[in-house]
Amino acid sequence: MNDTKVIWNDILSCSLINGSRAELISKLIIFIKILKKWQRKLSKSQHLKDWHSLSGKLISDFFYPSKKIEKSIRIIQKNWIEMINESLLSNYSKKISINILRKIFFYKCFNTNKKKFLPGVINFCHPTAVCYLPFKVICIIGADHLSIPKTNYLDNLNLLKNYPLIGDIDIYQKYCYLFAQSISCAEKYFYISYIGYSIKDESKRYPSVLIDQLLNYIAFNFCFIGDKNLSLEDNTKKIIKHLCKKYKKEHFYKKQNIDFFKKRNLQNFFQHPDEKIHYKNLLEEKSCNKINLKDLINFWKNPICYFFNFNLKIKFNKKKQQIHTTEPFLVNQLDSFKIKTIILNKIINNQDTMELFQHYLLSGNLPYNFFGKIFWNKNIQEMTLIAKEVMKYRVLTEEKKINLKIEKYQINGILSEIQNTGLLRWKPNTINYSDRVSLWLEHLIYSVLDGRGESKIIGYKNQIWSFSSLNSITAYTYLLRYIKGYIKGIKKPLLLTKSGASWLDQVYDLKNNFIKNDCYTQRKGYKKLLETWIGNDYIEGEKKDFYIQKTITQLNQKNIKKICEIAQKWLIPILKNKKK
């Protein structure tokens with residue numbers, strides 16, 4: 001049934017499955033049937049001679065013959081038949097389980113001697129595999145401070161570490177021993193390498209403490225001929241300069257040859273003196289005087305993300321949601337927000353929610369049975385409280401199409417839920433920075449159109465954020481300022497972040513409209529900024545945002561100052577015009 005809203009025989013229909021996708025479903029059904037067939041066959045113990053033909057039948061059921069896998073299949077069949085024939089020589093007459101044969105088969109196919117070394121070639125292995133074996137050259141790769149010795153993240157929970165006894169495992173001592181052992185095994189040369197800067201985010205990587213100890217030991221006990229009178233510091237510098245070599249980053253990247261003709265054309269396109277075309281001009285062409293209200297709002301919600309999406313055409317893929325093999329007892333955060341939003345809108349519009357419950361239950365988005373009902377009933381109660389608060393202010397709603405000219409800029413869009421008292425918005429969760437910005441921009445447009453009233457948003461637990469009525473001239477001035485900020489922000493990233501908003505919320509005095517500069521308040525503000533930036537076990541920190549990682553590689557004092565200044569510039573008008 002090609003209709004997502006229809007429930008038939010306790011089955012939810014899906015409009016996505018039709019045509020070629022329906023064929024895929026039929027193939028999946030065939031695959032499941034074959035799995036069931038083999039589940040029945042393999043669940044019973046059989047005599048060894050009955051397992052002889054298993055590999056051939058299994059392969060023919062699951063694989064089409066092709067040249068790519070022909071060689072691999074021959075090896076699998078050969079190993080299986082050899083294993084069965086060897087087992088038959090034992091004259092074992094009883095039935096045997098497939099689990100035993102599977103273990104023997106995998107041991108036969110994949111068991112390799114890890115301590116086997118080949119002469120005349122480079123062997124890669126762990127230091128423990130070469131105990132006391134002499135080699136002409138030994139090289140330790142990736143010897144940075146995080147890898148050697150490896151830190152144990154469970155040390156904080158390990159009470160034995162606070163009360164050590166002789167014989168306890170010490171990872172640091174273990175690595176020190178392996179390190180010394182590797183040096184003693186090297187006959188001619190001993191190399192150590194590590195990458196000084198992370199390829200991902202350019203952060204500094206330091207060498208292992210063992211390398212520092214080795215270099216210090218050499219510097220304290222040895223010197224070059226004629227350098228006996230050198231000071232310890234100068235001798236150390238000279239030895240480190242001699243022993244340590246720094247390589248350029250280009251050694252870690254692939255070089256691609258660009259056709260000379262293409263290269264010349266690119267140079268002409270960007271640098272030709274007559275046409276005067278360069279990168280900045282190309283950016284200016286992208287910015288258009290026609291602005292959609294949605295684009296303006298989306299930009300101010302997350303200016304850095306919008307810059308990457310709009311200007312650079314870069315979109316980072318979000319983390320793929322893991323499919324759990326066990327029955328879920330909770331709903332993930334995003335799905336929970338979507339469900340709450342739909343429930344809230346249904347209740348506000350006096351619509352029945354039972355059919356919606358049945359839809360989500362059958363779709364698998366809700367936990368099974370009682371857990372799903374508990375989740376649903378809890379959200380119905382919470383959304384009903386928000387809906388009651390919304391209904392106090394929602395009387396006559398109106399929707400307007402916007403076609404507004406602000407200087408040379410044309411703003412187009414739709415303003416919904418316009419009341420006689422102003423704009424009305426609602427959401428199922430707590431009101432955050434993005435909600436304030438969104439309402440503020442809509443309130444400015446509403447005020448420019450001679451709207452007389454307060455705009456408000458209602459959130460979780462009767463939380464209300466509202467803006468005082470503005471005259472059209474003041475609103476026009478503010479709106480123009482935010483439009484010009486948008487035009488600049490799509491050309492160069494604007495460091496307006498949630499961390500900056502968190503800082504401003506702590507230091508701004510709403511009653512008297514000024515920033516508190518006393519040490520206690522400022523310290524409290526910076527603490528909140530860092531909390532939002534780092535995050536915790538429940539809320540993901542802003543530093544984990546892909547777009548922010550590429551813009552702010554390190555949160556130093558300079559960047560913090562910049563974030564706070566930009567937050568003041570763009571967010572103070574929002575706090576200033578909040579209804580007291």
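Because the structure is a prediction, the values reported are computed rather than measured.
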Looking at side-chain heavy atoms only, is the closest gap between [X] and [Y] below 4.5 Å?
X: Pro207; Y: His145; value: no
X: Phe308; Y: Thr551; value: yes
X: Ile192; Y: Leu214; value: yes
X: Ile515; Y: Leu504; value: yes
X: Ile339; Y: Tyr360; value: yes
X: Lys378; Y: Gln381; value: no
X: Asp509; Y: Asn513; value: no
X: Lys543; Y: Ser499; value: no

Tell me, yes or no, whether the heavy-atom count around [X] atom [atom1], taken from other residues, nucleotides or ligands under 6.0 Å, exceeds 12.
X: Lys498; atom1: NZ; answer: no
X: Gln333; atom1: CD; answer: no
X: Lys524; atom1: NZ; answer: no
X: Gln557; atom1: CD; answer: no
X: Leu510; atom1: CG; answer: yes

Quick one: pull up [atom1] in [X] and [atom2] in [Y] and give me the separation to the nearest 0.5 Å.
X: Asn429; Y: Phe337; atom1: CG; atom2: CZ; result: 5.5 Å
X: Leu366; Y: Leu361; atom1: CG; atom2: CG; result: 5.5 Å
X: Trp465; Y: Lys456; atom1: CH2; atom2: NZ; result: 14.0 Å
X: Ile414; Y: Ile402; atom1: CD1; atom2: CD1; result: 9.0 Å
X: Lys544; Y: Ile534; atom1: NZ; atom2: CD1; result: 10.5 Å
X: Ile411; Y: Asp295; atom1: CD1; atom2: CG; result: 10.0 Å

Residue list, side chain to side chain contact (heavy atoms under 4.5 Å, CB included) with Leu178, at least two apart or on another chain: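 Here the qualifying residues are His126, Pro127, Thr128, Gln181.
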For the residue pair [X] and [Y], confirm or rule out a side-chain donor-acceptor distance under 3.5 Å.
X: Glu399; Y: Ser416; result: no
X: Asp505; Y: Ser502; result: no
X: Asn471; Y: Thr474; result: yes
X: Asn345; Y: Trp426; result: yes
X: Gln554; Y: Asn559; result: no

Ile291 and its side-chain contact (heavy atoms from CB on, under 4.5 Å) partner, picked from Asn412, Ile406, Leu296: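 The single option meeting the side-chain contact (heavy atoms from CB on, under 4.5 Å) with Ile291 is Leu296.
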Side chain to side chain donor-acceptor pair (under 3.5 Å) assessment of Thr521 paired with Asp518: CA-CA 6 Å; Thr521 308; Asp518 60 281; 2.8 Å; yes
Do [X]'s NZ or CZ and the ring of [Y] fall within the cation-pi criteria of under 6.0 Å and 45°?
X: Lys516; Y: Tyr508; result: no
X: Lys204; Y: Tyr206; result: yes
X: Lys528; Y: Trp503; result: no

Ion pair present between [X] and [Y], side-chain N to carboxylate O less than 4.0 angstrom?
X: Lys569; Y: Glu565; value: no
X: Glu442; Y: Arg425; value: yes
X: Glu454; Y: Lys579; value: yes

Derivation and outcome, salt bridge (Lys or Arg N to Asp or Glu O under 4.0 Å), residues Lys461 and Glu382: CA-CA 8 Å; Lys461 289 186 178 178; Glu382 290 175 355; over 6 Å; no
Parallel, tilted or perpendicular, as decided by the 30° and 60° cut-offs, for the rings of Phe310 and Tyr306: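 If you compare the ring of Tyr306 with that of Phe310, the planes turn out parallel.
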Step-by-step side chain to side chain contact (heavy atoms under 4.5 Å, CB included) determination, Leu439 to Ser455: CA-CA 7 Å; Leu439 182 64; Ser455 297; 4.0 Å; yes
Residue list, ring pair (Phe, Tyr, Trp, His ring centres under 6.0 Å) with Phe375, at least two apart or on another chain: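 So Phe375 forms no ring pair (Phe, Tyr, Trp, His ring centres under 6.0 Å) with any residue.
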With Phe329 via ring pair (Phe, Tyr, Trp, His ring centres under 6.0 Å) - residues at least two apart: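 Expected list: Phe371.
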Check against side chain to side chain donor-acceptor pair (under 3.5 Å), Gln410 and Asn403: CA-CA 7 Å; Gln410 193 77 32; Asn403 191 4; 2.5 Å; yes
Audit row: Val209, Ile148, side chain to side chain contact (heavy atoms under 4.5 Å, CB included) steps and yes/no: CA-CA 8 Å; Val209 66; Ile148 299 176; over 6 Å; no
Side chain to side chain donor-acceptor pair (under 3.5 Å) against Asp545, all qualifying residues, sequence neighbours excluded: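 In terms of side chain to side chain donor-acceptor pair (under 3.5 Å), with neighbours along the sequence ignored, Asp545 is linked to no residue.
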Sequence-distant partners of Lys511, side chain to side chain donor-acceptor pair (under 3.5 Å), two or more places apart: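 Side chain to side chain donor-acceptor pair (under 3.5 Å) check on Lys511 returns nothing, list empty.
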Stepwise side chain to side chain contact (heavy atoms under 4.5 Å, CB included) test for Trp533 and Ile552: CA-CA 11 Å; Trp533 180 264; Ile552 307 169; 3.9 Å; yes
Show me, pair by pair, the donor-acceptor contacts under 3.5 angstrom made by side chains of residues 297-304, not counting sequence neighbours?
| from | atom 1 | to | atom 2 | distance (Å) |
| --- | --- | --- | --- | --- |
| Asn298 | ND2 | Lys294 | O | 3.2 |
| Trp300 | NE1 | Tyr482 | O | 3.2 |
| Asn302 | OD1 | Cys305 | N | 3.3 |

